[in-house]
> 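I have a structure here, written as C-alpha coordinates, and I will follow up with some questions on it.
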There are 2 protein chains.
Amino acid sequence: MKSKGKRAQQRLKTRAAILDATESIMREEGYAAVSSRRIEEKAGLKSQLVHYHFGNMNKVFLALYRRSEELFFSRMLKVLASADPLKKLWDLSIATEESTLVLEFTAIATHRKEFRDELVRSADRARSLENAILAKAFGNRKSYNLKVNPNVFSFILQSVSRAVIMERGVGITKGHSEILEFIESILKNWKLESDDD
Amino acid sequence: MKSKGKRAQQRLKTRAAILDATESIMREEGYAAVSSRRIEEKAGLKSQLVHYHFGNMNKVFLALYRRSEELFFSRMLKVLASADPLKKLWDLSIATEESTLVLEFTAIATHRKEFRDELVRSADRARSLENAILAKAFGNRKSYNLKVNPNVFSFILQSVSRAVIMERGVGITKGHSEILEFIESILKNWKLESDDD
DNA sequence: GTCTATAGGCCGATAGAC
DNA sequence: GTCTATCGGCCTATAGAC
(Lines give C-alpha, C1' and ligand atoms only; values in the text may rest on other atoms or scores of the structure.)
Protein backbone atom coordinates (compact mmCIF):
# COMPACT_ATOMS: atom_id res chain seq x y z
CA MET A 1 0.00 0.00 0.00
CA LYS A 2 2.75 2.37 0.95
CA SER A 3 4.78 1.70 -2.20
CA LYS A 4 1.63 2.19 -4.25
CA GLY A 5 1.12 5.51 -2.55
CA LYS A 6 4.66 6.56 -3.29
CA ARG A 7 4.28 5.69 -6.96
CA ALA A 8 1.08 7.67 -7.16
CA GLN A 9 2.78 10.54 -5.40
CA GLN A 10 5.69 10.52 -7.87
CA ARG A 11 3.22 10.35 -10.73
CA LEU A 12 1.45 13.45 -9.47
CA LYS A 13 4.75 15.19 -8.89
CA THR A 14 5.92 14.61 -12.46
CA ARG A 15 2.60 15.66 -13.90
CA ALA A 16 2.65 18.81 -11.78
CA ALA A 17 6.21 19.59 -12.91
CA ILE A 18 5.12 19.31 -16.55
CA LEU A 19 2.14 21.60 -15.98
CA ASP A 20 4.28 24.08 -14.02
CA ALA A 21 6.76 24.27 -16.88
CA THR A 22 3.95 24.69 -19.40
CA GLU A 23 2.42 27.50 -17.38
CA SER A 24 5.76 29.22 -17.02
CA ILE A 25 6.48 29.12 -20.76
CA MET A 26 2.98 30.31 -21.58
CA ARG A 27 3.34 33.29 -19.27
CA GLU A 28 6.75 34.28 -20.59
CA GLU A 29 6.47 33.51 -24.29
CA GLY A 30 2.90 32.55 -25.06
CA TYR A 31 1.24 29.23 -25.78
CA ALA A 32 2.81 28.96 -29.25
CA ALA A 33 6.24 28.63 -27.63
CA VAL A 34 5.23 25.56 -25.63
CA SER A 35 6.62 22.26 -26.89
CA SER A 36 7.56 18.97 -25.29
CA ARG A 37 11.25 19.84 -25.83
CA ARG A 38 10.90 23.22 -24.14
CA ILE A 39 9.13 21.51 -21.24
CA GLU A 40 12.01 19.05 -21.06
CA GLU A 41 14.42 21.96 -20.79
CA LYS A 42 12.36 23.83 -18.20
CA ALA A 43 11.30 20.94 -15.97
CA GLY A 44 14.51 18.88 -16.21
CA LEU A 45 12.86 15.75 -17.53
CA LYS A 46 12.70 13.95 -20.87
CA SER A 47 10.24 15.21 -23.44
CA GLN A 48 8.92 11.70 -23.91
CA LEU A 49 7.49 11.83 -20.41
CA VAL A 50 5.15 14.56 -21.58
CA HIS A 51 3.65 12.14 -24.09
CA TYR A 52 3.64 9.29 -21.61
CA HIS A 53 1.69 11.25 -19.03
CA PHE A 54 -0.62 13.30 -21.23
CA GLY A 55 -0.72 11.57 -24.62
CA ASN A 56 -0.32 14.69 -26.73
CA MET A 57 0.32 18.40 -26.40
CA ASN A 58 -3.30 19.41 -26.67
CA LYS A 59 -4.09 17.33 -23.59
CA VAL A 60 -1.30 19.11 -21.72
CA PHE A 61 -2.97 22.45 -22.43
CA LEU A 62 -6.31 21.00 -21.43
CA ALA A 63 -4.97 19.66 -18.14
CA LEU A 64 -3.33 22.98 -17.33
CA TYR A 65 -6.52 24.78 -18.20
CA ARG A 66 -8.53 22.64 -15.81
CA ARG A 67 -6.01 23.13 -13.04
CA SER A 68 -6.09 26.90 -13.54
CA GLU A 69 -9.86 26.87 -13.72
CA GLU A 70 -10.13 25.23 -10.31
CA LEU A 71 -7.88 27.86 -8.81
CA PHE A 72 -9.88 30.60 -10.49
CA PHE A 73 -13.22 29.30 -9.24
CA SER A 74 -11.99 28.89 -5.70
CA ARG A 75 -10.98 32.56 -5.84
CA MET A 76 -14.38 33.50 -7.21
CA LEU A 77 -16.07 31.68 -4.32
CA LYS A 78 -14.00 33.71 -1.87
CA VAL A 79 -15.08 36.85 -3.71
CA LEU A 80 -18.69 35.76 -3.41
CA ALA A 81 -18.32 35.15 0.31
CA SER A 82 -16.64 38.50 0.97
CA ALA A 83 -18.30 41.60 2.40
CA ASP A 84 -17.60 43.70 -0.68
CA PRO A 85 -17.96 41.23 -3.57
CA LEU A 86 -18.07 43.69 -6.44
CA LYS A 87 -14.86 45.44 -5.46
CA LYS A 88 -13.20 42.08 -4.83
CA LEU A 89 -14.34 40.86 -8.24
CA TRP A 90 -12.71 43.91 -9.78
CA ASP A 91 -9.49 43.39 -7.82
CA LEU A 92 -9.33 39.83 -9.11
CA SER A 93 -10.04 40.86 -12.71
CA ILE A 94 -7.44 43.60 -12.82
CA ALA A 95 -4.57 41.53 -11.39
CA THR A 96 -2.20 40.99 -14.32
CA GLU A 97 -0.80 37.70 -13.11
CA GLU A 98 -4.22 36.10 -12.76
CA SER A 99 -5.46 37.16 -16.18
CA THR A 100 -2.55 36.71 -18.58
CA LEU A 101 -3.11 32.96 -18.64
CA VAL A 102 -6.79 33.50 -19.38
CA LEU A 103 -5.84 35.57 -22.41
CA GLU A 104 -3.48 32.85 -23.65
CA PHE A 105 -6.16 30.19 -23.30
CA THR A 106 -8.58 32.43 -25.16
CA ALA A 107 -6.02 32.70 -27.96
CA ILE A 108 -5.75 28.90 -28.10
CA ALA A 109 -9.52 28.52 -28.20
CA THR A 110 -9.82 31.08 -30.98
CA HIS A 111 -7.76 28.91 -33.31
CA ARG A 112 -8.20 25.33 -32.08
CA LYS A 113 -11.71 24.04 -32.10
CA GLU A 114 -10.84 21.07 -29.84
CA PHE A 115 -10.27 23.66 -27.16
CA ARG A 116 -13.29 25.80 -27.79
CA ASP A 117 -15.96 23.64 -26.18
CA GLU A 118 -13.94 23.47 -22.99
CA LEU A 119 -13.60 27.23 -22.78
CA VAL A 120 -17.25 27.93 -23.60
CA ARG A 121 -18.40 25.47 -20.96
CA SER A 122 -16.11 27.16 -18.45
CA ALA A 123 -17.25 30.64 -19.48
CA ASP A 124 -20.83 29.67 -18.74
CA ARG A 125 -19.81 28.48 -15.29
CA ALA A 126 -17.92 31.72 -14.65
CA ARG A 127 -20.89 33.77 -15.82
CA SER A 128 -23.13 31.96 -13.32
CA LEU A 129 -20.76 32.81 -10.50
CA GLU A 130 -20.55 36.42 -11.65
CA ASN A 131 -24.33 36.59 -11.62
CA ALA A 132 -24.39 35.32 -8.06
CA ILE A 133 -21.83 37.94 -7.06
CA LEU A 134 -23.85 40.66 -8.76
CA ALA A 135 -27.07 39.46 -7.17
CA LYS A 136 -25.43 39.73 -3.78
CA ALA A 137 -24.02 43.20 -4.50
CA PHE A 138 -27.23 44.52 -6.00
CA GLY A 139 -29.30 42.77 -3.37
CA ASN A 140 -27.91 45.14 -0.74
CA ARG A 141 -29.73 47.94 -2.47
CA LYS A 142 -33.06 46.11 -1.99
CA SER A 143 -34.34 47.34 -5.37
CA TYR A 144 -33.02 47.32 -8.92
CA ASN A 145 -33.65 51.00 -9.62
CA LEU A 146 -30.36 51.39 -11.45
CA LYS A 147 -29.41 53.10 -14.63
CA VAL A 148 -27.53 50.08 -15.88
CA ASN A 149 -28.47 46.44 -16.06
CA PRO A 150 -26.26 44.37 -13.70
CA ASN A 151 -25.08 42.11 -16.52
CA VAL A 152 -24.16 45.10 -18.65
CA PHE A 153 -22.27 46.64 -15.76
CA SER A 154 -20.40 43.40 -15.18
CA PHE A 155 -19.56 43.06 -18.88
CA ILE A 156 -18.07 46.54 -18.89
CA LEU A 157 -15.95 45.79 -15.83
CA GLN A 158 -14.59 42.62 -17.40
CA SER A 159 -13.99 44.35 -20.74
CA VAL A 160 -12.02 47.21 -19.23
CA SER A 161 -9.88 44.95 -17.06
CA ARG A 162 -9.03 42.72 -20.02
CA ALA A 163 -8.17 45.71 -22.20
CA VAL A 164 -5.90 47.16 -19.52
CA ILE A 165 -4.12 43.84 -19.11
CA MET A 166 -3.68 43.38 -22.87
CA GLU A 167 -2.19 46.85 -23.17
CA ARG A 168 0.12 46.23 -20.24
CA GLY A 169 1.23 43.11 -22.11
CA VAL A 170 2.57 45.18 -24.99
CA GLY A 171 3.97 47.91 -22.76
CA ILE A 172 1.23 50.52 -23.09
CA THR A 173 0.11 52.14 -19.85
CA LYS A 174 -0.96 55.58 -21.04
CA GLY A 175 -4.37 56.60 -19.70
CA HIS A 176 -4.60 53.55 -17.45
CA SER A 177 -4.54 55.45 -14.17
CA GLU A 178 -7.46 57.59 -15.34
CA ILE A 179 -9.64 54.67 -16.30
CA LEU A 180 -8.75 52.71 -13.17
CA GLU A 181 -9.58 55.68 -10.95
CA PHE A 182 -12.87 56.10 -12.74
CA ILE A 183 -13.91 52.47 -12.24
CA GLU A 184 -12.79 52.45 -8.63
CA SER A 185 -14.64 55.67 -7.85
CA ILE A 186 -17.82 54.09 -9.18
CA LEU A 187 -17.31 50.99 -7.07
CA LYS A 188 -16.55 53.11 -4.01
CA ASN A 189 -19.57 55.40 -4.38
CA TRP A 190 -21.69 52.39 -4.94
CA LYS A 191 -20.54 50.89 -1.69
CA LEU A 192 -21.45 54.08 0.17
CA GLU A 193 -24.88 54.18 -1.43
CA SER A 194 -25.44 50.58 -0.49
CA ASP A 195 -24.56 51.34 3.09
CA ASP A 196 -27.18 54.07 3.10
CA ASP A 197 -29.99 51.59 2.50
CA MET B 1 11.04 52.86 -69.27
CA LYS B 2 8.03 50.75 -70.08
CA SER B 3 9.77 47.45 -69.28
CA LYS B 4 11.03 48.93 -66.03
CA GLY B 5 7.48 49.89 -65.14
CA LYS B 6 6.30 46.40 -65.90
CA ARG B 7 8.93 44.89 -63.68
CA ALA B 8 8.04 47.22 -60.85
CA GLN B 9 4.40 46.37 -61.35
CA GLN B 10 5.07 42.62 -61.22
CA ARG B 11 7.17 43.16 -58.13
CA LEU B 12 4.31 44.93 -56.40
CA LYS B 13 1.88 42.27 -57.55
CA THR B 14 3.97 39.45 -56.06
CA ARG B 15 4.49 41.32 -52.81
CA ALA B 16 0.76 42.01 -52.59
CA ALA B 17 -0.03 38.33 -53.23
CA ILE B 18 2.29 37.33 -50.38
CA LEU B 19 0.68 39.82 -48.01
CA ASP B 20 -2.82 38.78 -49.10
CA ALA B 21 -2.01 35.15 -48.37
CA THR B 22 -0.51 36.08 -45.01
CA GLU B 23 -3.59 38.09 -44.07
CA SER B 24 -5.89 35.29 -45.12
CA ILE B 25 -4.04 32.68 -43.04
CA MET B 26 -3.92 35.02 -40.03
CA ARG B 27 -7.67 35.58 -40.18
CA GLU B 28 -8.51 31.91 -40.53
CA GLU B 29 -5.93 30.24 -38.33
CA GLY B 30 -4.01 32.92 -36.47
CA TYR B 31 -0.54 34.33 -36.87
CA ALA B 32 1.13 31.19 -35.51
CA ALA B 33 -0.10 29.25 -38.54
CA VAL B 34 1.65 31.57 -40.99
CA SER B 35 4.79 30.15 -42.62
CA SER B 36 6.53 30.65 -45.94
CA ARG B 37 5.35 27.16 -47.00
CA ARG B 38 1.72 27.95 -46.17
CA ILE B 39 2.04 31.19 -48.12
CA GLU B 40 3.43 29.19 -51.04
CA GLU B 41 0.38 26.95 -50.90
CA LYS B 42 -2.08 29.83 -50.60
CA ALA B 43 -0.59 32.27 -53.10
CA GLY B 44 0.61 29.73 -55.67
CA LEU B 45 4.25 30.77 -55.62
CA LYS B 46 7.47 29.36 -54.23
CA SER B 47 8.23 29.88 -50.55
CA GLN B 48 11.68 31.19 -51.44
CA LEU B 49 10.06 34.23 -52.97
CA VAL B 50 8.84 35.20 -49.55
CA HIS B 51 12.44 35.40 -48.40
CA TYR B 52 13.55 37.12 -51.57
CA HIS B 53 10.97 39.88 -51.25
CA PHE B 54 10.85 40.36 -47.49
CA GLY B 55 14.04 38.86 -46.07
CA ASN B 56 12.44 36.98 -43.20
CA MET B 57 9.04 36.14 -41.79
CA ASN B 58 9.06 38.89 -39.20
CA LYS B 59 9.36 41.46 -41.96
CA VAL B 60 6.39 39.92 -43.70
CA PHE B 61 4.30 40.52 -40.59
CA LEU B 62 5.67 44.03 -40.31
CA ALA B 63 4.86 44.83 -43.94
CA LEU B 64 1.33 43.48 -43.56
CA TYR B 65 0.92 45.47 -40.37
CA ARG B 66 1.89 48.68 -42.09
CA ARG B 67 -0.43 48.00 -44.98
CA SER B 68 -3.32 47.34 -42.58
CA GLU B 69 -2.43 50.39 -40.55
CA GLU B 70 -2.75 52.67 -43.58
CA LEU B 71 -6.17 51.26 -44.33
CA PHE B 72 -7.19 51.69 -40.71
CA PHE B 73 -6.06 55.30 -40.52
CA SER B 74 -7.79 56.22 -43.76
CA ARG B 75 -10.98 54.84 -42.21
CA MET B 76 -10.38 56.83 -39.03
CA LEU B 77 -10.00 60.00 -41.09
CA LYS B 78 -13.36 59.33 -42.72
CA VAL B 79 -14.83 58.88 -39.24
CA LEU B 80 -13.35 62.18 -38.16
CA ALA B 81 -14.82 63.94 -41.19
CA SER B 82 -18.29 62.49 -40.69
CA ALA B 83 -21.26 64.29 -39.14
CA ASP B 84 -21.60 61.76 -36.30
CA PRO B 85 -17.98 60.82 -35.50
CA LEU B 86 -18.54 59.06 -32.17
CA LYS B 87 -21.15 56.68 -33.54
CA LYS B 88 -19.03 56.05 -36.63
CA LEU B 89 -16.02 55.32 -34.41
CA TRP B 90 -18.12 52.75 -32.59
CA ASP B 91 -19.35 51.19 -35.84
CA LEU B 92 -15.76 50.81 -36.96
CA SER B 93 -14.62 49.32 -33.64
CA ILE B 94 -17.38 46.76 -33.41
CA ALA B 95 -16.97 45.40 -36.96
CA THR B 96 -15.51 41.92 -36.50
CA GLU B 97 -13.67 41.81 -39.80
CA GLU B 98 -11.79 45.03 -39.13
CA SER B 99 -10.69 44.09 -35.64
CA THR B 100 -9.68 40.44 -35.77
CA LEU B 101 -6.39 41.34 -37.46
CA VAL B 102 -5.71 43.94 -34.78
CA LEU B 103 -6.11 41.26 -32.11
CA GLU B 104 -3.68 38.98 -33.96
CA PHE B 105 -1.09 41.73 -34.24
CA THR B 106 -1.51 42.46 -30.55
CA ALA B 107 -0.84 38.80 -29.85
CA ILE B 108 2.35 38.97 -31.91
CA ALA B 109 3.50 42.10 -30.13
CA THR B 110 2.85 40.53 -26.74
CA HIS B 111 5.42 37.85 -27.39
CA ARG B 112 7.89 39.32 -29.93
CA LYS B 113 9.70 42.41 -28.79
CA GLU B 114 10.84 43.28 -32.37
CA PHE B 115 7.20 43.90 -33.05
CA ARG B 116 6.34 45.83 -29.92
CA ASP B 117 7.88 49.18 -30.80
CA GLU B 118 5.99 49.24 -34.06
CA LEU B 119 2.67 48.59 -32.36
CA VAL B 120 3.23 51.08 -29.56
CA ARG B 121 4.15 53.79 -32.06
CA SER B 122 1.03 53.02 -34.02
CA ALA B 123 -1.13 52.97 -30.89
CA ASP B 124 0.03 56.48 -30.05
CA ARG B 125 -0.94 57.63 -33.53
CA ALA B 126 -4.36 56.00 -33.20
CA ARG B 127 -4.87 57.58 -29.79
CA SER B 128 -4.19 61.02 -31.27
CA LEU B 129 -6.82 60.47 -33.92
CA GLU B 130 -9.27 59.21 -31.31
CA ASN B 131 -8.66 62.35 -29.30
CA ALA B 132 -9.42 64.48 -32.34
CA ILE B 133 -12.63 62.56 -32.92
CA LEU B 134 -13.62 63.00 -29.28
CA ALA B 135 -12.77 66.69 -29.33
CA LYS B 136 -15.08 67.11 -32.29
CA ALA B 137 -17.89 65.13 -30.68
CA PHE B 138 -17.57 66.83 -27.30
CA GLY B 139 -17.04 70.19 -28.94
CA ASN B 140 -20.62 70.16 -30.15
CA ARG B 141 -21.71 70.41 -26.56
CA LYS B 142 -19.79 73.65 -26.12
CA SER B 143 -18.74 72.77 -22.58
CA TYR B 144 -17.17 69.77 -20.87
CA ASN B 145 -19.73 69.45 -18.08
CA LEU B 146 -19.85 65.67 -18.36
CA LYS B 147 -19.83 62.93 -15.81
CA VAL B 148 -17.08 61.06 -17.59
CA ASN B 149 -13.76 62.22 -18.94
CA PRO B 150 -13.71 61.90 -22.76
CA ASN B 151 -10.62 59.68 -22.70
CA VAL B 152 -12.19 57.40 -20.14
CA PHE B 153 -15.36 57.18 -22.20
CA SER B 154 -13.34 56.33 -25.29
CA PHE B 155 -11.34 53.68 -23.44
CA ILE B 156 -14.54 52.00 -22.31
CA LEU B 157 -15.91 51.97 -25.85
CA GLN B 158 -12.75 50.39 -27.21
CA SER B 159 -12.60 47.87 -24.34
CA VAL B 160 -16.17 46.70 -24.82
CA SER B 161 -15.84 46.34 -28.59
CA ARG B 162 -12.64 44.33 -28.24
CA ALA B 163 -14.19 42.07 -25.61
CA VAL B 164 -17.24 41.45 -27.78
CA ILE B 165 -15.05 40.58 -30.75
CA MET B 166 -12.84 38.27 -28.70
CA GLU B 167 -15.89 36.42 -27.39
CA ARG B 168 -17.33 36.15 -30.89
CA GLY B 169 -14.00 34.61 -31.88
CA VAL B 170 -14.54 31.69 -29.53
CA GLY B 171 -18.24 31.38 -30.28
CA ILE B 172 -19.68 33.16 -27.25
CA THR B 173 -22.48 35.64 -27.98
CA LYS B 174 -24.51 35.45 -24.79
CA GLY B 175 -25.35 38.90 -23.39
CA HIS B 176 -23.91 40.70 -26.41
CA SER B 177 -27.19 42.16 -27.63
CA GLU B 178 -27.78 43.69 -24.19
CA ILE B 179 -24.39 45.36 -24.00
CA LEU B 180 -24.55 46.55 -27.61
CA GLU B 181 -27.99 48.06 -27.07
CA PHE B 182 -26.73 49.79 -23.95
CA ILE B 183 -23.76 51.37 -25.70
CA GLU B 184 -25.81 52.38 -28.71
CA SER B 185 -28.51 53.95 -26.55
CA ILE B 186 -25.85 56.08 -24.88
CA LEU B 187 -24.47 57.19 -28.23
CA LYS B 188 -27.97 57.92 -29.49
CA ASN B 189 -29.06 59.96 -26.46
CA TRP B 190 -25.81 61.79 -26.62
CA LYS B 191 -26.48 62.80 -30.19
CA LEU B 192 -29.90 64.14 -29.18
CA GLU B 193 -28.40 66.11 -26.30
CA SER B 194 -25.77 67.56 -28.58
CA ASP B 195 -28.46 68.68 -30.98
CA ASP B 196 -30.20 70.47 -28.12
CA ASP B 197 -27.24 72.81 -27.67
C1' DG C 1 12.70 37.60 -60.28
C1' DT C 2 11.89 32.94 -60.13
C1' DC C 3 13.36 28.43 -60.07
C1' DT C 4 15.81 23.77 -57.93
C1' DA C 5 18.44 21.94 -54.41
C1' DT C 6 19.76 21.61 -49.98
C1' DA C 7 21.51 22.62 -45.24
C1' DG C 8 20.21 22.58 -40.55
C1' DG C 9 16.83 23.02 -36.82
C1' DC C 10 12.83 22.05 -33.84
C1' DC C 11 8.83 19.55 -33.62
C1' DG C 12 5.30 15.43 -32.23
C1' DA C 13 5.18 10.95 -31.58
C1' DT C 14 6.44 5.95 -31.18
C1' DA C 15 9.28 1.56 -30.20
C1' DG C 16 11.69 -0.89 -27.16
C1' DA C 17 15.29 -1.56 -23.31
C1' DC C 18 15.48 -1.41 -18.38
C1' DG D 1 7.88 5.34 -15.12
C1' DT D 2 11.86 6.73 -17.22
C1' DC D 3 15.33 6.14 -20.35
C1' DT D 4 17.75 5.88 -25.45
C1' DA D 5 17.08 5.81 -30.20
C1' DT D 6 14.78 7.16 -34.07
C1' DC D 7 11.29 8.32 -37.78
C1' DG D 8 8.93 11.56 -40.58
C1' DG D 9 7.33 16.20 -40.94
C1' DC D 10 7.40 21.10 -41.35
C1' DC D 11 10.03 24.99 -40.68
C1' DT D 12 13.59 29.21 -41.95
C1' DA D 13 16.99 30.42 -44.73
C1' DT D 14 20.73 30.33 -48.22
C1' DA D 15 23.38 29.04 -52.67
C1' DG D 16 23.42 28.91 -57.25
C1' DA D 17 21.34 27.95 -62.07
C1' DC D 18 18.58 30.32 -65.42
Side-chain angles (χ1 to χ4, degrees), chain A residues 1-22 24-26 28-64 104 107-108 111-115, chain B residues 1-22 24-26 28-64 104 107-108 111-115:
Chain A
M1 281 296 180
K2 199 176 180 185
S3 65
K4 256 191 180 177
K6 266 189 185 174
R7 272 192 226 130
Q9 210 173 349
Q10 181 57 33
R11 179 189 136 90
L12 287 176
K13 198 177 155 189
T14 303
R15 288 177 63 98
I18 290 170
L19 295 186
D20 289 344
T22 304
S24 169
I25 297 165
M26 277 179 75
E28 288 162 24
E29 305 170 56
Y31 80 92
V34 176
S35 72
S36 55
R37 303 280 249 258
R38 298 276 284 109
I39 294 172
E40 161 173 336
E41 191 184 347
K42 201 96 180 180
L45 44 81
K46 289 292 159 184
S47 70
Q48 291 85 337
L49 281 186
V50 177
H51 294 98
Y52 173 79
H53 281 285
F54 293 97
N56 59 45
M57 289 308 298
N58 199 53
K59 286 181 186 168
V60 176
F61 285 122
L62 215 54
L64 176 61
E104 286 300 322
I108 299 178
H111 302 300
R112 297 194 192 184
K113 68 179 197 318
E114 321 94 270
F115 214 97
Chain B
M1 282 297 179
K2 197 175 177 184
S3 66
K4 257 193 176 177
K6 266 188 186 173
R7 270 192 227 126
Q9 210 175 348
Q10 181 56 34
R11 180 189 135 89
L12 287 176
K13 197 175 153 189
T14 303
R15 287 176 65 98
I18 290 170
L19 296 186
D20 289 345
T22 304
S24 168
I25 297 166
M26 278 179 76
E28 290 161 21
E29 305 170 55
Y31 80 94
V34 176
S35 72
S36 54
R37 306 286 231 271
R38 298 274 286 107
I39 294 172
E40 163 171 336
E41 192 184 347
K42 202 97 180 180
L45 44 81
K46 289 292 160 184
S47 70
Q48 290 86 339
L49 282 185
V50 177
H51 294 98
Y52 173 78
H53 281 285
F54 294 96
N56 60 46
M57 289 308 298
N58 200 52
K59 287 180 185 168
V60 176
F61 285 122
L62 215 55
L64 176 61
E104 286 299 324
I108 298 178
H111 302 300
R112 297 193 193 184
K113 70 178 196 315
E114 322 92 272
F115 214 97

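A note on names: the letters A, B, ... follow the listed sequences, proteins ahead of strands, and every chain is numbered from 1.
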> Taking atom P of C:dA13 as reference, at what distance in whole Å does atom CZ of A:Arg37 sit?
11 Å
> For D:dT2, does either OP1 or OP2 sit under 4.0 Å from a side-chain N or O belonging to A:Thr14?
yes
> Are A:Arg37 and A:Glu40 close enough for a salt bridge, meaning some N to O gap below 4.0 Å?
no
> Quick one: does A:Glu114's side chain get under 4.5 Å of A:Leu62's, heavy atoms only?
no
> Tell me the interatomic distance from A:Gln9, atom CD, to D:dG1, atom P, rounded to whole angstroms.
13 Å
> Would you call A:Lys42 and A:Glu28 a salt bridge, using N to O less than 4.0 angstrom?
yes
> Considering just the side-chain nitrogens and oxygens of A:Ser35, establish if one lies under 4.0 Å of OP1 or OP2 belonging to C:dC10.
no
> Taking any heavy-atom pair under 4.0 Å as a contact, classify B:Arg38: base, sugar-phosphate, or nothing.
sugar-phosphate
> Among residues 44-63 of chain A, which residues get a heavy atom nearer than 4.0 Å to DNA chain D?
A:Lys46, A:Gln48, A:Leu49, A:Tyr52, A:His53
> Under a 4.5 Å cut-off applied to non-hydrogen side-chain atoms, are A:Met26 and A:Ile108 in contact?
yes
> Could you tell me whether a side-chain N or O of A:Glu104 sits under 3.5 Å from a main-chain N or O of A:Tyr31, the two making a donor and an acceptor?
yes
> Can you sort out the partners of B:His53 under side-chain contact (heavy atoms from CB on, under 4.5 Å), two or more places apart, ordered by chain and number?
B:Arg11, B:Thr14, B:Arg15, B:Ile18, B:Leu49
